[in-house]
Amino acid sequence: MYACLALHPAVREKTVAGADVRLLLGFDGFHQGIASAIAAGAAAEFPGDAQLLSLETEPSDDIADAIARCDVFIFLYRSSTLQTVGHLGPVFLQPIKKVMQEHWKKSILFKDYGQHFYEAFAEPRESIAAHNLRLMALAGEARQVVFEQPGGGWLSGSIGPGQVWTSIDGDGNVDLTPGEIATTIRDLNGEVRFSGAFLSTIPFAVKYGVVRDFVSIRIRESRVVDFSCDNARFAADFDKYLAANAGNRVVEEFGIGTNCGVKGLYGLNAGFEERHPGLHLGLGGGVLGSHHLDLIFSDGRLRFDDTPFFDNGFLI
């Protein structure tokens, strides 16, 4: 984690220069032990100081002042996994939401990670970065990417030398958790059977958890054109999501999780789950009013042209 933090845009110049870094760690009771462990380790990694504040008990004015004064703030808290939570998030965040938004460039939020925080940073950053480079080099030599599932599900799309991939490898990423390459493919076609977990501001993960052979989705030219599901409640929810905005039908992201430290999917609606090895498809988010929804697959094979590189684990 510290290797990624040292390269975060908010503190990179300071860490390179060996200057003091003012780190703020905010936590709820569920994450207090992890926050304390981060603070203890930071003392050995960076010059400067790490301030610990309880998000639940400290006065909001004191937290807002600490946000303004620090170089970077890391907040660890439960949100989607709370028994009751409104659309604005945990109650203790609401008085400081404005100052958090004002200082978003130095914000790092770990929502609902719990003990999985250690999974998210178990694989060395350098290993993930090297793996991402190998995959993007292989993609650059291919003309097609194909996803195949046991039972006949498949999805394919065109790629090429000019394909732009984003590598999230902990080097200069605002989102600190490493382990993903992603691109946009405009001619995805196929039909897949979704097993896995959801990630979105819409509470699909909270309602349905980790699913197995849950919904069949038909995609034509990177648009969801049809789906079928035996769960009537989900079918109604998903239909409502697709109908709410035309952009919600568009597959805006073809992502490949590359963090082999993440050992499973947990249905927590936590950002680290997107780094789980394998395919995830991001629907929506490309136009105003559209909500991004990640479908994180727990199974399947991936290949560039005729070269397989993933089969429930990486082959390269």
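Put simply, I219 and V145 are part of the same group of oily side chains (I, L, V, M, F, W, Y) that touch within less than 4.5 Å, one to the next. Residues V210 and L295 are members of separate hydrophobic clusters, defined by side-chain heavy-atom contacts under 4.5 angstrom among Ile, Leu, Val, Met, Phe, Trp and Tyr. L7 and F110 fall into different hydrophobic clusters, defined by Ile, Leu, Val, Met, Phe, Trp and Tyr side-chain heavy atoms under 4.5 Å apart, directly or through other members.
Between R275 and D175 a salt bridge is recorded (basic side-chain N to carboxylate O distance below 4.0 Å).
Atom NZ of K207 sits in a crowded spot, with more than 12 heavy atoms from other residues, nucleotides or ligands closer than 6.0 Å. More than 12 heavy-atom neighbours from other residues, nucleotides or ligands sit within 6.0 angstrom of NZ on K106.
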| task | Decide salt bridge (charged side-chain N to carboxylate O under 4.0 Å, His left out) for R69 and D65; before the verdict, give the C-alpha distance in whole Å, the side-chain angles of both, and the deciding distance to 0.1 Å. | result | CA-CA 6 Å; R69 288 186 288 104; D65 183 59; 2.8 Å; yes

| query | Given the rule in the side chain to side chain donor-acceptor pair (under 3.5 Å) test, do H292 and S200 qualify, once you have shown the distances and angles that lead to the verdict? | reply | CA-CA 6 Å; H292 194 65; S200 178; over 6 Å; no

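Remark: of the listed residues E253, E221, E252, E252 is the sole one forming a salt bridge (charged side-chain N to carboxylate O under 4.0 Å, His left out) with R186. Exactly one of Y208, F214, F297, F238 qualifies for a ring-ring contact (aromatic ring centres under 6.0 Å, His included) with F194. That residue is F297.
Listed by first then second residue, pairs satisfying salt bridge (Lys or Arg N to Asp or Glu O under 4.0 Å) with a partner in residues 4-24 read R12-D171, K14-D71, R22-D71, not counting sequence neighbours.
With sequence neighbours left out, the ring pair (Phe, Tyr, Trp, His ring centres under 6.0 Å) criterion links F310 to F314. Remark: E119 pairs with no residue by the salt bridge (Lys or Arg N to Asp or Glu O under 4.0 Å) rule, at least two apart or across chains.
Taking the centre of each ring, F309 and F304 come in below the 6.0 Å mark. Aromatic ring centroids of F272 and Y113 lie under 6.0 Å apart. The aromatic ring centres of H116 and Y266 sit less than 6.0 Å apart. Two rings, from F204 and F234, have their centers less than 6.0 Å apart.
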